[in-house]
Amino acid sequence: MKDIYNHQDIEAKWQAEWEKRKSFAAKETDPRPRFMALEMFPYPSGNLHMGHVRNYSLGDVVARFHRMKGENVLHPIGWDAFGLPAENAAIKNKVHPEQWTRQNIAHMREQLKELGISYDWDREFATCDPDYYRWNQWFFIQFFKQGLVYKKKAAVNWCPVDKTVLANEQVSASGRCWRCDSIVEQRELEQWFFKITDFADRLLKDHDVLRGKWPDEVLTMQSHWIGRSDGAEVIFNVKDRTERLTVFTTRPDTLFGATFLAIAPDHPLARTLAEKAGKTAELHALAQIQRDHKRERRENQNKEGFFLGATAINPMNGKEIPIWTADYVLMDYGTGAIMAVPAHDQRDFDFATKYQIPIIQVIGEPKATLDKAFEDEGQLVNSGEFTGLSSADAKRKMALWLEARQQGKATVTFKLRDWLVSRQRYWGTPIPMINCSACGIVPVPEHELPVKLPMDVKFTGEGESPLKQSTSFANVKCPACGGSAKRETDTMDTFVDSSWYYARYMDARNNLQPFTPAQAARWLPVNQYIGGIEHACMHLIYSRFWHKAMQGLGLINAETPEPFERLLAQGMVTLGGSAMSKSRGNVIDPKAIIERYGADTARAFILFAAPPEKQLEWNDDAVEGLFRFLNRVWRLVGNYLLKDKETRVESKDLPEAKKLRRKAHWAIEKITRDYGVQIQINTAIAAIMELVNELYAYPALGDETSGFAVRTVIQLLSPVAPHVTEELWDVLGEKGLCSESAWPVADPLWLVPDTLEIIVQVNGKLRAKVQLPPGTAKDVLEREALKDPKIKELIFGKTIAKTIVVPDKLVNIVVK
């Protein structure tokens, strides 16, 4: 064997062999335990980057490990193919989005195969396939029938550059588009929504199913996004008007301290009252505030507002309080109106102080003046018949008091808003609805699905959606009355495509259903899901909602409440401290790494350089180091084969042989944990390196013990570097593929060390260490500790008061 292996020949050889054997196809009738490994599928942008390599290599280690453990593994791949970049590319390059997308898919498919990722390619699909998006449309219609889909006019986030609507989750905290970073505007449009809020409580409660299996950070982010609040609705009658303002508060115990109402600048009553009061300047300011992004308003420290010239009646005490509009009140949170209690809410305190609005303390020890809001709970004061109650008792009793008088009730609200799914663009799933002037909104008949995207469109980047330009698409007959009608020209948010794709893999060629309930019962939930933490509050919430909605359709049973059993949120790959991206010009092309060092080196580096959940900084020197390590394994096998042919003495009883065998079993035990639930691939590779070092130091290379250890190295390394290990397994004369061999099992007897290091203390301070066999009796531990020369010197001439012995750990000698 040569000192350096030819990675190009070896990798091409084994990729062809895997494909010929269909080594990675999941077997539908296989009686073995099933395991589904899945990485978040890629957008076909044209080229893989090292972030992709990290994501898919992590998933591949998991899939290969579980196959070797004897499980029937489903490890599929597809393409998240709809989206605005394809439409932008069509405008720029004068090419249809589908052509651009299909070319990119073909190129990236070959890149994934070059990496040796063990996908079941027979289940591959792209979300732009009509055979896939017909089921998006089918789900839309079923949800519409169930009341989970509705259309309304709403203020929406509008990206002026991409010329489309964005969901709240797609707008950054600074009010910018998640994709192009432009400042987002507010517009009013007729939009389609999914009633994800109907599932808010379940989405929170089912976090209990995921605790310990999903990162705490993801669950915390989702909890904050869903934002459950327990409190009360309170109805304030507007004086001398028919309107009533309903507010939600988590602190009904502070109602007697409400000294004004504040409503959002875009609340319908705000404009009505401002116009009636003739406050043209204030109205202009109000319009300006409306154009500000809601998140900017929330974080604005210099709170602005004005009196709207009307008052409302506090239902608890009958007092009139003024109605203001304020920029810190959001129309899409709660009811768009708040009861302001300056003494007990800091935002209200700041606003009231600025505009000289009364501040009335109703909780805690009364003070002549307040320099800040007292926001804690406590005992009520200045609260009529409720004075003296604790906040907890007052909340309950005041809610009942309001309910008895039809002025409010105890209730729960959520920060989560319904999912806005309308998009004004071409390259997405057409919404399967028809607008008839006589019948209203009518679903497309299911037998006519899919509603396909038309080809007679032009991509200019100007004006409305290209779908509106296609008369062949837009003009249809009403399915109900047969009259002339218009097809819906919005397409669905691409997060729809990724919300249920995991389930389609189970039954990817089914033309009658998205998948059968039997297949769902067989394969779900996904055992291990891998992707970026940036998807915590979009894709992962949407997928959980969709999964629960599919349960309502009878496709998934109640025993599978969640789509993904375990989640690994892997860190980004950075260069120079910044995430790799084409826009920053800091992308490392995997192709160059593969050509120079091979796919196994690329995989090994990306898996070894950092723990999976941590950020990984690219380092060229470290890549070279992993290439050297794989060649070191290659030479080790060559040296072993040379020694194996020589005449040698039996060496199994040598101390070094026992040490090597113990090291091999230790590595098996550790790496089985690391590849399994823990997914700490970097420490697994480090353990393999330790075992390789032990073999290089072994004096009897070529004997039975070293043969066991060498084969163990190859099997343990196989999920990380599958090509070179297949070649080495073959060179060793083993039957079959290494990737199909049985995963080694550690012998518990070899996991027990010959000796343990026992700490010896004098008066609690470490003074010596002694080596003794495990299970040594207490009296022997004490005797051996006292025999140590250092200990003898330290206790000479002193009286031993007592000796404390902790078996297999320490001896503490207490002297006077």
>> Once ring-ring contact (aromatic ring centres under 6.0 Å, His included) is applied, what residue pairs with a partner in residues 676-696 remain, sequence neighbours excluded?
In response: none

> Quick one: salt bridge (charged side-chain N to carboxylate O under 4.0 Å, His left out) pairs with a partner in residues 110-126, sequence neighbours left out?
Replying inline: Lys22-Asp122, Glu28-Arg123, Arg109-Glu124, Asp120-Arg123

Checking [Y] against [X]: is there a side-chain donor and acceptor pair closer than 3.5 Å?
X      : Y      : value
Ser118 : Trp18  : no
Thr101 : Asn104 : no
Asp600 : His723 : yes

Using a 3.5 Å cut-off and no angle test, enumerate the donor-acceptor pairs between side-chain atoms of residues 752-761 and protein atoms at least two apart in sequence or in another chain.
unit_1	atom_1	unit_2	atom_2	d
Asp754	OD1	Arg662	NH2	3.0
Asp754	OD2	Arg662	NH1	3.3
Thr755	OG1	Gln771	OE1	3.2

> Do the two ring centres, one from Tyr501 and one from Trp79, sit under 6.0 Å apart?
Replying inline: no

> What about Phe605 and Tyr597, are their ring centers closer than 6.0 Å?
Replying inline: no

Nearest-0.5 Å distance, [atom1] of residue [X] to [atom2] of residue [Y]:
X      : Y      : atom1 : atom2 : value
Leu575 : Trp618 : CG    : CH2   : 9.0 Å
Leu728 : Gln715 : CG    : CD    : 12.5 Å
Asn72  : Trp523 : CG    : CH2   : 4.0 Å

Side chains of residues 730-740: which donor-acceptor partners sit under 3.5 Å, not counting sequence neighbours?
unit_1	atom_1	unit_2	atom_2	d
Glu734	OE2	Arg711	NE	2.6
Ser739	OG	Glu726	OE2	2.6

>> Before you tell me yes or no, could you show the steps for His75 and Phe24 under side-chain contact (heavy atoms from CB on, under 4.5 Å), namely the whole-Å CA-CA distance, both residues' side-chain angles and the distance that decides it to 0.1 Å?
In response: CA-CA 8 Å; His75 187 209; Phe24 311 127; over 6 Å; no

> Around atom CE of Met572, are there more than 12 heavy atoms of other residues, nucleotides or ligands at under 6.0 Å?
Replying inline: no

> Does atom CD of Glu19 have more than 12 heavy-atom neighbours from other groups under 6.0 Å away?
Replying inline: no

> side-chain hydrogen bond (donor to acceptor under 3.5 Å, both in side chains) with Tyr43: which residues, sequence neighbours excluded?
Replying inline: none

> Cation over ring, Arg661 on Phe708, under 6.0 Å and within 45°?
Replying inline: yes

Enumerate donor-acceptor pairs with a distance under 3.5 Å from any side-chain N or O in residues 674-681 to protein atoms, sequence neighbours excluded.
unit_1	atom_1	unit_2	atom_2	d
Asp674	OD2	Lys670	NZ	3.0
Asp674	OD2	Thr683	OG1	2.9
Asp674	OD2	Ala684	N	3.3
Tyr675	OH	Leu716	O	2.8
Gln680	NE2	Glu613	OE1	3.4

> Any donor and acceptor pair, going by atom type alone, linking the side chain of Arg64 with main-chain N or O of Val720 inside 3.5 Å?
Replying inline: no

